[in-house]
Amino acid sequence: MRRPDQQTTTRPAPETTLGNGTGPAGPDAAPGAGPAAQPGDPGTGPDTPPAGARSAGPGEPSGPPAATGTPAALPGTAGIGSGGTGSAGAGFTGFTGEPTAEGALAPYLRGQAAEFLRSLRLHHEYSAPADAGGHGAAEAARALRRAARRIGGSLHTFRAALDPHWADQLRGELAWLTGILAREHAYANRLARLVDALHLLSGPTLPAARGARAAGEAAGADAQGRAALGVGAARAAALLERRLTLARTRSHSAALQALGSSRFHAIADAVALLASEVPAPSGHAGRAAAASLLEPAELAEQRLLTAVAALPPDDTGPYNEAQDAAWHQARLLLRLHRYAHEVVLGGADPGLTAPGHALDLHRDAVEAAGAAAAAARTPRIAPATAYALGVLHADQRHGVESARAAFRETWPYATALAAP
């Protein structure tokens, strides 16, 4: 874990040049370190960059440019992560002053609300009978979920800087909506993942090395195993397709019903009001919280670092499904931290792209393994089918372990994973 006095990734760095622009203003300044952070989101899909996250407004610089022409690195972040590059706030050192609810949070929420309404309009257009079920409708639904997740995550992190009752109510409704819309997409991806894995597992064996008797015997045993797997692979794929296609159809019907309900129209009306006005907090405590967003943003980051440090070590045995919940919690906290970073610093942290992708792969592998295990519990299935599903389950659990290893390799704060 980092030292208590080390700068967080969500705190904007102060000006690091003197008035005459001749050099750094303090011993912690390090000119020439770190590229500018690029917007983007590695979360559950190809997210769009946030809109209106800086206090100066879209397209405007948030502070005077440094005289040296090169942003200075944040204190304590040089050399963090793979390749010795820091991931903490690079490119935002020109940000002056404290980020406030009026200057940073309100423009961010208005931008995401506008994106929500734009995606909703596109979804209605692509859902017409002529284009129903097309690629455009799926892309619009994903963009709708992305905007809803960012609004809900920001309402969760910066609740004290807003009207708490309004924030809690809208956040709960957006969580319901994103859950409904995500199920159909998740079932489709899960089916494709499992069927592709079955084809790979039941494919032809690799040729053995020449002149190696032991290798030949191993190849023979492997061929027998592949033959036994091939017998049940087709039936296992058919069983999975029946189960997951039925679940996807039901999720599609539930999504259509939700999009036509009065509950969804109330959500759309609330987001439309958010696009023009963000409810301000009442009382002295609420106004004080709205004066600075650094404290809740840093709290979200500390929760993430604590959750990552508490993850089980990598020397534990495989197939320990009881550990999945801790990894899912780390994924959710990473998402909240990314959104807070977008609000406070105006863009996503590029150092968290690879870890976020690894946690998404972990989630997909866990759910695919669960689907294979559930299919294997189907009554009166053939032994060959059950065998193929067991092999498929083991393969997906190996994917879980690979995703965990990829996260540990790409996590920018490697010392946080060294804790027992």
Side-chain angles (χ1 to χ4, degrees), residues 1-2 8-12 37 39-45 47-51 53 87-89 92 99 101 104-106 108-109 111-113 115-116 145-162 164 166-179 182 274 278 289-290 292-311 324-360 362-363 407 410-413 416:
M1 296 293 293
R2 297 174 304 168
T8 63
T9 62
T10 50
R11 180 177 291 276
D41 183 13
T44 56
D47 291 355
T48 56
S87 63
F92 298 101
L105 180 58
Y108 181 83
L109 290 176
Q112 294 303 322
E115 179 64 24
F116 181 95
R145 296 201 315 270
R146 284 196 298 267
R149 286 197 308 265
R150 278 170 165 74
I151 295 173
S154 300
L155 295 180
H156 178 273
T157 301
F158 304 105
R159 176 180 180 272
L162 302 165
W166 168 83
D168 292 341
Q169 184 178 8
L170 181 57
R171 179 169 60 90
E173 293 299 290
L174 289 174
W176 167 79
L177 177 62
T178 54
L274 178 62
V278 178
S292 177
L293 304 178
L294 292 180
E295 183 176 352
E298 292 175 352
L299 179 60
E301 182 189 38
Q302 291 302 322
R303 287 174 177 170
L304 169 63
L305 295 177
T306 302
V308 171
L311 289 175
D324 295 341
W327 289 88
H328 292 330
Q329 180 68 12
R331 175 178 172 272
L332 295 178
L333 293 175
L334 176 59
R335 174 180 290 177
L336 291 177
H337 170 59
R338 282 180 17 236
Y339 298 162
H341 195 282
E342 293 176 359
V343 171
V344 174
L345 294 178
D349 185 355
L352 298 178
T353 300
H357 180 64
L359 290 179
D360 289 337
H362 177 272
R363 187 270 318 269
F407 174 81
T410 57
W411 178 244
Y413 304 107

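Just so you know, these numbers use all the heavy atoms, side chains as well, and skip hydrogens, waters and symmetry mates.
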Under the criterion side chain to side chain contact (heavy atoms under 4.5 Å, CB included), I'd like the reasoning laid out for Leu299 against Arg303: C-alpha separation, chi angles, the key distance, then a yes or no. CA-CA 6 Å; Leu299 179 60; Arg303 287 174 177 170; 3.6 Å; yes
Worked check of side chain to side chain contact (heavy atoms under 4.5 Å, CB included) between His362 and Asp324: CA-CA 9 Å; His362 177 272; Asp324 295 341; 4.2 Å; yes
How many angstroms lie between atom CD of Gln112 and atom CZ of Arg146, to the nearest 0.5 angstrom? 10.0 Å
Taking the side chain from His156 and the backbone from Arg171, do they hold a donor-acceptor pair closer than 3.5 Å? no
What do the steps show when you test Val278 against Tyr108 for side chain to side chain contact (heavy atoms under 4.5 Å, CB included), and what is the final call? CA-CA 10 Å; Val278 178; Tyr108 181 83; over 6 Å; no
Gap between atom CD1 of Ile151 and atom CZ of Arg149 - 0.5 Å precision: 11.5 Å
Taking the side chain as C-beta and beyond, is there a heavy-atom pair between Leu294 and Val344 under 4.5 Å? yes
Can you name the closest pair of heavy atoms from Pro350 and Ala348 and give their distance? CD-O, 3.3 Å
Please report the shortest heavy-atom distance between Leu311 and Ala326, naming the atom on each side. CD2-O, 3.7 Å
Heavy atoms of Gly152 and Leu174 approach each other most closely as N-CD1, 3.9 Å
Distance-minimising heavy-atom pair for Ala175 and Thr178: O-OG1, 3.1 Å
Between atom CG of Leu359 and atom CZ of Arg335, what is the distance when rounded to the nearest 0.5 Å? 10.5 Å
Residues Ala161 and Leu105: closest non-hydrogen pair is CB-CD2, 4.5 Å
Looking at every non-hydrogen atom in both residues, tell me the closest pair between His328 and Arg363 and how far apart they are. CE1-CA, 4.0 Å
Passes side chain to side chain contact (heavy atoms under 4.5 Å, CB included), Leu155 versus Leu109? Steps please. CA-CA 9 Å; Leu155 295 180; Leu109 290 176; 4.3 Å; yes
Hey, does Phe116 have a side-chain heavy atom less than 4.5 Å from the side chain of Leu274? no
Given side chains that start at C-beta, do those of Leu334 and Tyr339 come closer than 4.5 Å, heavy atoms only? no
Is Thr157 reaching over with its side chain to a backbone N or O of Ser154, donor-acceptor style, under 3.5 angstrom? no
